[in-house]
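All heavy atoms count here, side chains included; hydrogens, waters and symmetry mates do not. For the single chain, residues carry numbers from 1 onward in sequence order.
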Amino acid sequence: MELCVLASGSAGNCTVLRSPGGIFLIDCGIGPRTAAGRLHGTGLSLSDISAVCLTHLDRDHFNLNWIPTLIRLGIRVHCAAHRVPLLLQLAEYEGFADLVHPFYDHSFEPVPEVSASTLRLAHDSEGSHAFLFEGF
């Protein structure tokens, strides 16, 4: 697996993880155009992304400008189950709910052959999640 931080900070957080099973983002707090430019430097494009794993819904981790791109490209969004209602409220776009995959306090597969274990962290009143990714 290869990991590349595209952005980190209060202006936006976004990391790309490339694995044999697929390519996905950890958070998408920068806009899709900015992400596309930074992905280009890694030899990737937005159309290569199959999923996004959200640590939490603060605007520097989930930029609402992504929603049309996520829908257009059919990119799955993995979000903590207790935060899905807010995510769907923020993103009232037709077809978006079909892309949202809630995760609970156990492992899930963001892309084939990659397991994501979750760890709940204290952050704000709603908390955040860390991920441990393992390929098999």
Exercise. Quick check: are there more than 12 heavy atoms from other residues, nucleotides or ligands sitting under 6.0 Å from NE2 of His82?
Worked result: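 Atom NE2 in His82 is crowded, with more than 12 foreign heavy atoms closer than 6.0 Å.
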
Closest heavy-atom pair and its distance - [X], [Y]:
| X | Y | result |
| --- | --- | --- |
| Thr42 | Cys4 | CG2-SG, 3.8 Å |
| Trp66 | Ala35 | CZ2-CB, 3.5 Å |
| Leu99 | Ile71 | CD1-CA, 3.7 Å |

Problem set entry | Gap separating the CZ atom of Arg76 from the CD atom of Glu109, nearest 0.5 angstrom |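 One gets 9.5 Å once the value is rounded to the nearest 0.5 Å.
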
For this session: Can you measure from NE2 (His56) to SG (Cys79) and round to the nearest 0.5 angstrom?
Result: 11.0 Å

Problem set entry | salt bridge (Lys or Arg N to Asp or Glu O under 4.0 Å) partners for Arg38, two or more places apart | none

For this session: Taking ring-ring contact (aromatic ring centres under 6.0 Å, His included) as the test, write out the residues that go with Phe103, two or more places apart.
Result: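 For Phe103, the residues satisfying ring-ring contact (aromatic ring centres under 6.0 Å, His included) (neighbours in sequence not counted) are Phe108, His129, Phe131.
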
Can you tell me which residue pairs pass the salt bridge (charged side-chain N to carboxylate O under 4.0 Å, His left out) test with a partner in [range], sequence neighbours excluded?
| range | value |
| --- | --- |
| residues 23-35 | none |
| residues 8-19 | Glu2-Arg18 |
| residues 83-106 | Arg83-Glu126 |

Exercise. If you group Ile, Leu, Val, Met, Phe, Trp and Tyr by side-chain heavy-atom gaps below 4.5 Å, do Ile67 and Leu46 land in one group?
Worked result: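 Same hydrophobic cluster.
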
Problem set entry | Co-members of the apolar cluster containing Leu119 [side chain, <4.5 Å] | Leu121

Exercise. For the side chain of Asn65 and the backbone of Gly31, is there at least one donor-acceptor N/O pair under 3.5 Å apart?
Worked result: no

